[in-house]
Amino acid sequence: MALSVPIGLSVASAHASVVPDDRPPEWTSQNPFLQGAFAPVFDERDDIDLHIEGEWPKGLNGAFMRNGPNPEFEPDAHYGYPFDGTGMVHALFVQDGRARYRNRWVRTKEFVEERAAGHRIYNSSFAAPPHANLANTNIVHHAGRYLALYEGGSAYQLDGNLNTVGSFDFGGRLTGNMTAHPKIDPRTRELLSIEYDLHTGAMLYARISAGGVLDRAVPFQAPWPAMIHDIAITERHVIAIFCPLVFDYSRKGPPADWEPQRGTMIALVPRDAKTAEQIQWIKGPAFFNWHTVNAFEQGDRIEVVLPWYDAFSLTAPSKRLELHRLVIHTRTGAVEDHALDDQACEFGRINEAYLGRKARYGYVGLRDPRPGERWQSGAFESIARYDLTTGAKVVHRFPKGVTVCEPLFVADPHGRGEADGFILSFTHEAGSAQGSFVVLDARNLDAPPLARIVLPRRVPAGLHGSWVSS
């Protein structure tokens with residue numbers, strides 16, 4: 001598919017920041033989630049002919065797009081990562097060795113209202129209403145559409161220039177919220193998702209065809225209201241994990257409490273399910289997870305690799321974050337929980353061609369503290385490649401003061417094997433007004449970067465994104 005965003009704009013328009021006349025004044029905050037790597041930026045840019053250090057991989061042409069929180073107006077005192085902040089998509093377009101950067105806020109209905117008013121109207125997620133659809137968590141490309149996703153609202157469609165087209169609900173068939181983490185099957189090209197309602201525990205399994213039509217919608221009820229931030233898929237199932245962080249908006253204080261006595265309930269939803277009765281429920285030990293790395297099944301055995309937390313609270317950090325493998329026995333209902341590594345990690349990705357199938361390698365942001373530096377949740381000092389069979393890891397450590405977010409694997413267009421590819425990510429350097437984008441060789445992850453693109457302005461740490469090949 002040809003990219004809809006041309007690399008070659010006129011020099012006069014491309015090197016200048018795009019700043020609207022009604023742009024609000026910049027601000028700073030003492031909130032730790034709005035400082036350092038997470039401090040927002042206040043301009044929308046379009047910069048071309050960026051300097052590339054090293055050698056950009058031959059044939060690697062396309063667009064890297066990443067979403068993340070970037071509030072335009074100063075939030076209230078309840079603002080927290082990763083729940084809050086208006087979505088801003090940052091994109092790097094590369095074609096034949098020429099690089100272009102562009103960023104745009106997702107212009108949701110609430111964003112437009114606040115900009116027109118010139119001040120914040122909507123409150124943080126766990127403050128009193130009103131709340132906004134932030135469209136800030138992910139951006140995926142499916143059936144020719146770019147969708148900015150946030151599990152507290154509907155999807156927003158963008159065009160290839162990052163301009164907002166509008167709210168998108170699959171022709172009125174998806175009437176509630178859409179997940180932030182659907183999965184796209186690499187063979188069928190179906191988009192699979194699980195939507196949830198924290199107030200009622202109502203759930204929805206949705207399947208969107210390769211052509212972009214919602215052709216399966218199965219409502220079911222959660223064992224308790226819980227966040228299903230991410231799912232896993234296999235060739236036959238969608239897997240949703242209901243951790244015992246139980247939401248109840250009638251209680252005073254934080255709306256969720258950790259109730260480990262409930263254990264964890266795992267829903268195995270057949271991908272061709274038509275009714276809730278076809279879902280198999282399996283009980284496992286109590287833990288919490290945000291994301292999954294991958295899953296696959298063989299016979300009556302399903303394996304899921306994920307970053308695993310010993311507990312979770314809205315007011316205090318977890319004590320343990322590790323990489324684990326769950327083994328789910330669908331015939332007996334038994335669940336095994338094995339630690340692969342006890343070093344904290346998050347934002348796992350794989351070669352997407354192996355999604356839902358047995359993959360050997362996974363790539364994560366690795367918590368690798370450096371002396372004298374204050375770490376920030378969601379900004380990592382290193383990237384690791386794990387052998388998902390043995391747990392062995394190879395680590396790329398970034399220089400002092402530099403952090404990185406989600407490591408996105410992009411296949412080498414000339415490669416053949418699972419590991420033949422590159423790891424792409426924006427990086428953030430403490431105290432620098434500039435940003436950068438790095439390309440690592442996934443086969444030699446601990447080697448110096450193959451290429452680095454210098455950006456004229458820093459890119460804040462964010463959440464999730466995609467590569468769209470041209």
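Note that the numbering runs from 1 along the sequence shown for the chain.
- Using the six-membered ring where Trp is involved, Tyr249 and His199 have ring planes that are parallel, under 30° apart on the 30 and 60° scheme.
- In this structure, Pro460 and Val41 have side chains that are in contact, with non-hydrogen atoms separated by less than 4.5 Å.
- Rounding to the nearest 0.5 Å gives a distance of 9.0 Å between NE2 of His396 and CG of Asp446.
- Side-chain contact, Lys393 with Gln343: a donor N or O sits under 3.5 Å from an acceptor N or O.
- Geometrically, Arg349 does not engage Tyr361 in a cation-pi contact, judged by NZ or CZ lying under 6.0 Å from the ring centre and within 45° of the ring axis.
- His78 and Ala127 get closest at one heavy-atom pair: CD2-CB, 3.6 Å.
- Summarising the geometry of Gly417 relative to Tyr354, their closest heavy-atom pair is C-OH, 4.4 Å, with the distance given to 0.1 Å.
- Distance CE/Met178 to CD1/Ile194: 11.5 Å, rounded to 0.5 Å.
- Side-chain atoms of Asn294 come within 3.5 Å of backbone atoms of Gly356 as a donor-acceptor pair (strictly under, hydrogens ignored).
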I would like to know whether Ile239 and Leu268 meet side chain to side chain contact (heavy atoms under 4.5 Å, CB included); could you show each step before the answer?
-> CA-CA 5 Å; Ile239 303 162; Leu268 304 179; 3.9 Å; yes
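- Between the side chain of Asn351 and the main chain of Glu418, a donor-acceptor pair closer than 3.5 Å is present.
- The two residues Phe38 and Ala461 have their closest heavy-atom pair at CE2-CB, 3.6 Å.
- Of the possible donor and acceptor atoms, none in the side chain of Glu259 sits under 3.5 Å from a partner among the backbone N and O of Val246.
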Does the salt bridge (Lys or Arg N to Asp or Glu O under 4.0 Å) test come out yes or no for Arg357 and Asp185, once each step is laid out?
-> CA-CA 10 Å; Arg357 283 83 181 168; Asp185 186 289; 3.0 Å; yes
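- With hydrogens and angles ignored, the 3.5 Å screen pairs no side-chain donor or acceptor of His324 with any backbone N or O of Val304.
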Stepwise, does the side chain to side chain contact (heavy atoms under 4.5 Å, CB included) test hold for Ile279 with Tyr205?
-> CA-CA 10 Å; Ile279 299 172; Tyr205 162 54; over 6 Å; no
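- For Arg207 and Asp272, the salt-bridge test fails: no basic side-chain N is under 4.0 Å from an acidic carboxylate O.
- Interatomic distance, Cys405 SG to Phe380 CZ, rounded to the nearest 0.5 Å: 7.5 Å.
- Thr179 places none of its side-chain heavy atoms less than 4.5 Å from the side chain of Leu149.
- Proximity of a side-chain donor or acceptor of Asn67 to a complementary backbone N or O of Ala135 within less than 3.5 Å is detected.
- Side chain to side chain, Ser124 and Asp76 meet the donor-acceptor criterion of an N or O pair below 3.5 Å.
- Here the closest heavy-atom approach between residue Asn161 and residue Arg102 is recorded as O-NE, 2.6 Å.
- By the 30° and 60° cut-offs, the orientation of the rings of His291 relative to Phe347 is perpendicular.
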Show your working on side chain to side chain contact (heavy atoms under 4.5 Å, CB included) between Glu110 and Glu114 and close with a plain yes or no.
-> CA-CA 6 Å; Glu110 296 87 348; Glu114 290 189 333; 5.5 Å; no
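- Within the 4.5 Å cutoff, the side chain of Leu306 has heavy atoms near those of the Phe287 side chain.
- Taking the side chain as every heavy atom from C-beta outward, Pro40 and Trp27 approach each other to under 4.5 Å.
- The structure places CD1 of Ile228 at 11.5 Å from CD of Glu195, a figure rounded to the nearest 0.5 Å.
- Checking side-chain atoms of Arg107 against main-chain N and O of Trp105 turns up a donor-acceptor pair under 3.5 Å.
- Nearest approach of Asn103 to Asp43, heavy atoms of both residues: ND2-O, 2.9 Å.
- In summary, Arg66 and Glu406 do not engage in a salt bridge, as defined by a charged side-chain N under 4.0 Å from a carboxylate O.
- Ion pairing of Arg120 with Glu74 is absent here, as no side-chain N (NZ or NE/NH1/NH2) approaches a carboxylate O to less than 4.0 Å.
- Within the 3.5 Å criterion, the main-chain N or O of Ser29 finds a donor-acceptor partner in the side chain of Gln35.
- Under the side chain to side chain contact (heavy atoms under 4.5 Å, CB included) criterion, Glu429 pairs with Val402, Ser432, sequence neighbours left out.
- Electrostatic pairing of Glu297 and Arg271 does not count as a salt bridge here, judged by no charged N lying under 4.0 Å from a carboxylate O.
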Give the C-alpha distance, both sets of side-chain angles, the deciding distance and a yes or no for side chain to side chain contact (heavy atoms under 4.5 Å, CB included) between Leu162 and Glu44.
-> CA-CA 11 Å; Leu162 308 187; Glu44 295 180 310; over 6 Å; no
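- No donor-acceptor pair closer than 3.5 Å links the side chain of Ser125 to the backbone N or O of Asp84.
- Counting all heavy atoms, side chain and backbone alike, Glu322 lies closest to Ala339 at OE1-CB, 4.2 Å.
- Side-chain N or O atoms of Asp230 include one that pairs as donor or acceptor with a backbone N or O of Thr292 at under 3.5 Å.
- Annotation: side chain of Ile208 is not in contact with side chain of Leu174 (no heavy-atom distance under 4.5 Å).
- The aromatic rings of His90 and Tyr101 sit parallel, their planes meeting at an angle under 30°, below the 60° perpendicular limit.
- A donor-acceptor pair under 3.5 Å links the side-chain atoms of Arg325 to the main chain of Thr389, judged by distance alone.
- Checked against a 6.0 Å centroid threshold, the rings of Tyr122 and His131 do not count as neighbours.
- In this pair, Trp290 and His229 present their aromatic rings perpendicular. The plane angle is above 60°, beyond the 30 to 60° band.
- The shortest distance between side-chain heavy atoms of Pro71 and Tyr79 falls below 4.5 Å.
- For the pair Thr264/Pro244, a side-chain contact is recorded, criterion being any heavy-atom separation below 4.5 Å from C-beta on.
- Atom CD of Gln30 has 12 or fewer neighbouring heavy atoms from other residues, nucleotides or ligands inside a 6.0 Å radius.
- The distance from atom CD of Glu151 to atom CG of Leu134, rounded to the nearest 0.5 Å, is 10.5 Å.
- Distance check, rounded to the nearest 0.5 Å: OH of Tyr156 to CG of Asn133 gives 5.5 Å.
- Ring-plane geometry between Phe83 and Phe126 is classed as perpendicular, the angle between the planes exceeding 60 degrees on a 0 to 90 degree scale with a lower cut at 30.
- Arg262 is not listed as a side-chain neighbour of Phe242, based on a closest heavy-atom distance of 4.5 Å or more.
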